[in-house]
Amino acid sequence: MQTAYQPEPFTNFCIPENKAAMEAALQLVASEKGRHYPLKIAGKAIDTEARITSVNPSCFTEVIGTVARANAELADQAVKAAQEAFASWKHVAPEVRARLLFKAAAILRRRKFEYSAWLVEEAGKNWAEADADTAEAIDFMEYYGREMLRYAAGMPIIAVPGEQNECFYIPLGVGVVIPPWNFPLAILAGMVAAAVVAGNTVIMKPASSTPVIAAKLMELFEEAGAPAGVINYLPGSGGSIGDVLVSHPQVRFINFTGSKEVGLRINKLAADVAPGQIWIKRVVAEMGGKDAIVVDEEADLEEAANGIVASAFGFQGQKCSACSRAIIVNSVYDEVVAKVAAKTKALTVGPAAQYGVNMGPVVDESAYKKVLEYIEIGKTEARLVAGGNTAGEKGWFIEPTVFADAPAKSRIAQEEIFGPVVAITRAEDFVDALRIANDTEYGLTGAVYSRNRAKLEQARRDFHVGNLYLNRKCTGALVGVQPFGGFNMSGTDSKAGGADYLLLFMQAKVVAEKM
């Protein structure tokens with residue numbers, strides 16, 4: 001009998017045994033750096049002359065590994081392989097498909113430190129952030145496996161005399177999974193697991209900044225017993241294979257997490273019906289945010305400042321849920337700004353593999369340049385109170401940066417920066433603060449700090465975000481506990497890690513038989 005789902009515990013690295021295990025895992029990863037990873041199509045390794053090189057963002061002269069780079073022809077081959085595998089995989093019992101996820105989760109749990117070490121080295125996550133990423137990957141597989149067992153019973157319907165009626169769920173078909181680089185294990189594992197356990201087959205096209213972690217996940221699914229062609233590993237650029245996959249007539253759905261611009265392009269391409277296509281493609285998209293923490297004068301100001309700093313600078317602010325805006329009511333504005341600035345200046349920046357570092361590097365040179373450009377913009381729009389500089393020469397390090405007195409309509413208060421930058425805006429009162437918080441095209445996460453019950457209830461009603469947190473930070477959603485997804489330009493509010501997520505990858509069929 002399957003045990004009830006519980007989120008995977010986080011690792012306490014203050015325990016000497018855990019610290020030693022992580023250090024050993026980093027040594028193991030160091031011994032494997034520079035390895036090459038081929039494509040995987042229909043269970044076969046396929047190499048190409050074209051390569052993608054993954055480098056360590058903490059030391060960009062160090063190569064983490066190389067992966068084969070697919071082209072349009074190989075993309076078509078992958079779709080056909082997935083289509084062929086779907087013919088049999090769709091008939092595999094849900095219990096069997098769920099066991100694949102449970103086996104993969106068990107393997108990942110045993111090798112948690114190793115996979116976390118890859119996240120440290122390729123994605124630039126510090127130990128705690130990497131451990132949380134790996135734990136979330138385990139959670140997704142455990143949770144979705146159990147959810148599939150629940151959905152296997154079908155939809156409850158009303159019985160009528162003289163007929164036998166049933167409504168059950170069947171898979172969609174071949175899907176394309178396009179994950180982000182910021183949670184290259186957890187989100188990818190969740191996107192693939194949900195689609196596959198529902199009976200679909202997938203092509204996963206990892207982000208070019210973190211393709212090695214995706215290759216390691218492919219190895220894990222193979223070890224768990226995934227049949228050939230059910231999951232296919234296909235790195236490549238969006239221009240060379242992304243459009244081909246999204247537009248392919250045999251692709252039934254696209255599961256995407258990433259930027260607003262790319263998500264909107266995918267949605268537009270998927271809406272066009274290709275010759276030979278006999279369905280409307282389904283797009284599941286999570287596209288980012290411009291998330292705000294509101295601080296009321298009746299809040300615990302120390303806790304509020306802690307929440308702002310943790311939400312803004314965890315994983316260098318490279319989370320779609322990160323606090324990139326803090327909106328403080330006028331009467332406590334100066335006090336909160338001072339607390340946030342002081343706590344920010346106390347953060348340490350350094351190589352992600354170094355134990356105890358608060359912040360590592362941003363993911364790559366493109367992100368580095370983009371964030372620095374926004375910091376320069378911020379200096380013209382607001383008052384710099386912390387950070388604002390680079391923080392190292394051999395890696396993509398940037399100081400955690402705080403701007404105060406940012407106008408609500410300024411670029412740093414409206415545009416998604418996706419880096420260690422937070423803009424603080426003054427509000428007249430709580431009503432004004434909520435107005436400013438909602439005055440953005442996004443609607444992913446938000447938080448409110450206040451001891452006033454009436455104001456918390458007002459925020460519950462009026463703060464228009466998919467994930468609202470009261471008196472806690474706005475990052476760190478747990479699978480099954482806080483289903484995750486947002487409104488407006490933050491995406492389709494798909495609620496990953498929620499009870500209805502698998503429905504996005506299935507369709508309901510009714511059969512009525514006269515008795």
Side-chain angles (χ1 to χ4, degrees), residues 8 10-13 15-38 40 45 51-68 104-138 179-189 204 206-224 233 235 315-316 318 350-364 392 394-397:
E8 181 73 11
F10 297 141
T11 302
N12 182 354
F13 291 108
I15 297 173
E17 293 82 358
N18 291 339
K19 184 173 182 289
M22 188 63 179
E23 290 169 341
L26 288 166
Q27 291 177 357
L28 174 63
V29 167
S31 72
E32 294 187 18
K33 286 178 182 176
R35 177 181 158 190
H36 178 68
Y37 301 84
K40 284 293 181 74
R51 303 284 173 92
I52 296 173
T53 300
S54 173
V55 301
N56 183 349
S58 292
C59 181
F60 45 68
T61 58
E62 181 180 66
V63 174
I64 298 298
T66 60
V67 302
I107 296 169
L108 183 55
R109 188 176 288 110
R110 288 193 293 270
R111 298 170 61 186
K112 180 189 283 191
F113 292 104
E114 176 189 343
Y115 274 80
S116 293
W118 282 110
L119 288 162
V120 167
E121 296 288 45
E122 187 176 39
K125 298 200 169 195
N126 68 17
W127 290 22
E129 293 284 353
D131 178 70
D133 196 318
T134 306
E136 187 174 27
I138 294 169
W181 51 259
N182 63 333
F183 285 85
L185 181 60
I187 292 181
L188 176 57
M204 59 178 188
S208 294
S209 296
T210 51
V212 172
I213 293 166
K216 292 294 180 182
L217 181 63
M218 184 72 216
E219 292 175 357
L220 185 146
F221 278 124
E222 289 178 320
E223 184 180 346
Y233 171 69
F315 187 39
Q316 297 77 264
Q318 297 175 126
Q354 183 177 320
Y355 175 66
V357 162
N358 298 122
M359 281 180 44
V362 295
V363 72
D364 58 23
K394 295 183 179 180
W396 307 120
F397 300 106

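One is the number of the first residue; the rest follow in order along the sequence.
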Worksheet item: Could you give the distance from CH2 (Trp181) to CD (Gln318), rounded to the nearest 0.5 Å?
Response: 3.5 Å
Fill in: Salt bridge flag under 4.0 Å for residues Glu32 and Lys216
yes
Worksheet entry | Met204 side, atom CE; Met218 side, atom CE - distance, nearest 0.5 Å | 5.5 Å
Fill in: Nearest-0.5 Å distance that lies between atom CG in Leu119 and atom CG in Asn126
11.0 Å
Discussion item. I'd like to know if the side chain of Lys125 and the backbone of Asn182 have a donor-acceptor N/O pair within less than 3.5 Å.
Written reply: yes
Discussion item. Suppose the criterion is ring-ring contact (aromatic ring centres under 6.0 Å, His included): which pairs have a residue in residues 111-136, not counting sequence neighbours?
Written reply: Phe13-Trp127, Trp127-Tyr355
Discussion item. Strictly distance-based, threshold 3.5 Å: is any side-chain N or O of Asp133 a donor or acceptor partner for the main-chain N or O of Phe183?
Written reply: no
Discussion item. Testing the basics here: between Ile52 and Pro235, what is the closest heavy-atom pair and its distance to 0.1 Å?
Written reply: CD1-CB, 4.1 Å
Practice prompt. Find the distance between CG (Leu220) and CD1 (Ile107) and round it off to the nearest 0.5 Å.
Written response: 5.0 Å
Item to complete: Over all heavy atoms of both residues, which pair between Ser209 and Val363 is shortest? Give the atoms and the distance, please.
Response: CB-CG2, 4.0 Å
Worksheet entry | pair Pro211-Tyr233: side-chain heavy atoms closer than 4.5 Å | yes
Practice prompt. Not counting sequence neighbours, which residues clear salt bridge (charged side-chain N to carboxylate O under 4.0 Å, His left out) with Arg51? List them please.
Written response: Asp47
Under 3.5 Å, side-chain donor or acceptor atoms of residues 17-26 against the rest of the protein: list the pairs with distances, not counting sequence neighbours.
unit_1, atom_1, unit_2, atom_2, d
Asn18, ND2, Asn12, O, 2.9
Lys19, NZ, Glu23, OE2, 2.7

Practice prompt. Would you name the heavy atoms of Gly124 and Pro361 that are closest together and state the gap between them?
Written response: O-CD, 3.7 Å
Discussion item. Under the rule for side-chain hydrogen bond (donor to acceptor under 3.5 Å, both in side chains), what residues qualify as partners of Glu129, not counting sequence neighbours?
Written reply: Lys319
Worksheet item: Within the side chain of Glu122, is there an N or O that forms a donor-acceptor pair under 3.5 Å with the backbone of Ile64?
Response: no
Discussion item. Going by salt bridge (charged side-chain N to carboxylate O under 4.0 Å, His left out), name the residues that satisfy it together with Glu121, two or more places apart in sequence or in a different chain.
Written reply: Lys33
Worksheet item: Taking all atoms of both residues into account, what is the closest heavy-atom pair of Ala117 and Val29, and its distance?
Response: CB-CG2, 3.6 Å
Fill in: Minimum heavy-atom distance Val212-Gly65, with the two atoms named
CG2-CA, 4.0 Å
Worksheet item: Mind checking what makes salt bridge (charged side-chain N to carboxylate O under 4.0 Å, His left out) contact with Asp131, not counting sequence neighbours?
Response: none
Worksheet item: How far does CD1 of Ile213 sit from OG1 of Thr134, to the nearest 0.5 angstrom?
Response: 8.5 Å
Worksheet item: Which pair of heavy atoms, one from Ala68 and one from Pro38, lies closest together, and at what distance?
Response: CB-CA, 4.1 Å
Practice prompt. Could you walk me through whether Arg111 and Glu223 pass salt bridge (charged side-chain N to carboxylate O under 4.0 Å, His left out), step by step?
Written response: CA-CA 13 Å; Arg111 298 170 61 186; Glu223 184 180 346; 3.2 Å; yes
Worksheet item: In this structure, which one of Pro180, Pro184, Pro57, Ser54 forms a side-chain contact (heavy atoms from CB on, under 4.5 Å) with Thr210?
Response: Pro184
Worksheet item: Between the side chain of Gln316 and the main-chain N/O of Gly360, is any donor-acceptor distance below 3.5 Å?
Response: yes
